[in-house]
Amino acid sequence: MAFEPVTPRVFTDITIRGCNPSYVLTSEGPVVVDTPQLPTKAIAMREEVERHGPIQYVINTEHHVDHIFGNYYFRGIPGKVIHHQGVYDNFMVSTPLLDPYDYAKEAIPMDDPEGAGIFPEREVYFRHPNKAQIVFIGNVTLHVGDHTFNLIWTPGHTPGQVAVHVPEERVVFTGDTVFSEVQTWVMASDVDQWVEALNTISRLDVDKVVPGHGPVTDLGYLQVQKAVLLEWKSMVATAVAKGWSRDETIERCHMRDRYPVDIGQEYMMDYIQKHNAGILWDKLSANTE
Ligand SMILES: [Zn+2]
C-alpha cells in the first residue's frame with residue numbers, strides 16, 4: 001500500500017484500483033474509512049492499520065463494491081462496522097447493470113493475481129461479508145478518543161451516501177460524491193440530490209477533501225464536480241429537447257476527453273459514457289427526475 005499523509009493523523013491511498021481507502025489515528029486506535037476492493041490490498045491495509053492499535057470502527061461511505069468488498073478481510077476486528085441504512089440495504093446486491101460479486105472477481109486476474117487464492121467463493125463470501133453491526137439513518141456522530149467523526153447523510157451518488165467529517169483534522173471524506181480529476185460515474189444517481197450534497201459539504205470548515213477517487217483536493221473542487229454533473233444533465237436534456245433517440249444521445253453525448261477513468265478501470269470508459277447518457281435520457285425523456 002502507498003498511504004500518503006493527508007494530515008499527520010489521516011492517511012489515504014489513491015494509487016490502487018478501487019476507492020481511496022483511508023484511516024484516521026485517534027488516541028483510542030485507528031478508524032478506517034472504506035476498505036480496498038482488492039484482497040491483497042485489503043489484507044495489507046489491515047496489517048498496516050493494526051500496527052497503530054486495535055481498529056475501533058470501519059465506516060463505509062457508500063454501497064458500491066469498490067468501497068465495501070474489502071470489509072470481508074476486516075472480519076474479526078475488535079471494533080464495529082458502521083454504515084447508513086441505504087448502504088446496508090444495497091450491500092453487494094445485484095442490479096440489472098451489475099453483479100457486484102462478479103465485478104470484484106473480474107478484477108482479480110488483471111489487478112490482483114496474488115489475491116486469487118484468498119478470493120472467497122460466492123457462497124462463502126455471502127455467509128459473512130461483514131456488513132455493519134451498527135446501521136443508522138440521518139446523521140450520526142462518533143466520539144473516538146480525541147477525535148470526532150460526523151457521518152453526514154449526503155445522498156445523491158447513492159441513497160446511503162455519507163460524508164465523514166473529522167473536525168479536529170479539518171478533513172472530510174466524501175466517498176464518490178467527489179470524483180477528483182477522474183470520470184464521474186453518474187449512472188442511476190440522483191443528480192439534483194448530489195448537487196445538494198456538494199452544497200452541504202461546501203459549508204464544512206475543512207482544508208482537505210478526500211474524494212472517493214482521484215487525488216486529495218479542497219473545497220474549491222466541489223464546484224468543478226457540481227459543474228460536471230449539471231453539464232451531463234444539461235447535455236442530455238438538450239438532446240431530449242432536440243428529439244434525439246436514446247442511441248443517438250449515447251452516441252453524441254459524452255465526456256470522454258475530459259478526464260481519465262480512475263486507475264485500473266480504464267476499460268470502463270465506454271461503459272461509463274454509455275450509461276451516464278442512457279440512464280439520464282431515460283429519466284429526462286420520461287420527465288421523472
Ligand atoms: Zn467508488
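Order of appearance sets the numbers: ligands from 1, and atoms from 1 within every ligand.
Legend: ring-ring contact (aromatic ring centres under 6.0 Å, His included) pairs involving residues 4-49, not counting sequence neighbours, sorted by first then second residue: Phe3-Tyr23, Phe11-Tyr23, Tyr23-His52. Here ring-ring contact (aromatic ring centres under 6.0 Å, His included) pairs that include residues 83-121, with residues two or more places apart or in two chains, are Phe69-Phe119, His83-Phe91, His84-Phe136, His84-Trp153, Tyr101-Phe119.
Residue Glu106 qualifies as enclosed at atom CD: its count of foreign heavy atoms under 6.0 Å is above 12.
Under the 3.5 Å distance criterion, with hydrogens and angles disregarded, a donor-acceptor pair is assigned to the side chains of Asp34 and Thr61. If you check the side chains of Glu114 and Thr40, you find no donor sitting under 3.5 Å from an acceptor.
By the side chain to side chain contact (heavy atoms under 4.5 Å, CB included) test, Arg252 is found to be paired with Trp244, Glu248, residues two or more places apart in sequence or in another chain being considered.
Distances from the Zn ion (ligand 1) under 2.8 Å pick out these protein N/O/S atoms: Asp66 OD2, His67 NE2, Asp176 OD2, His213 NE2.
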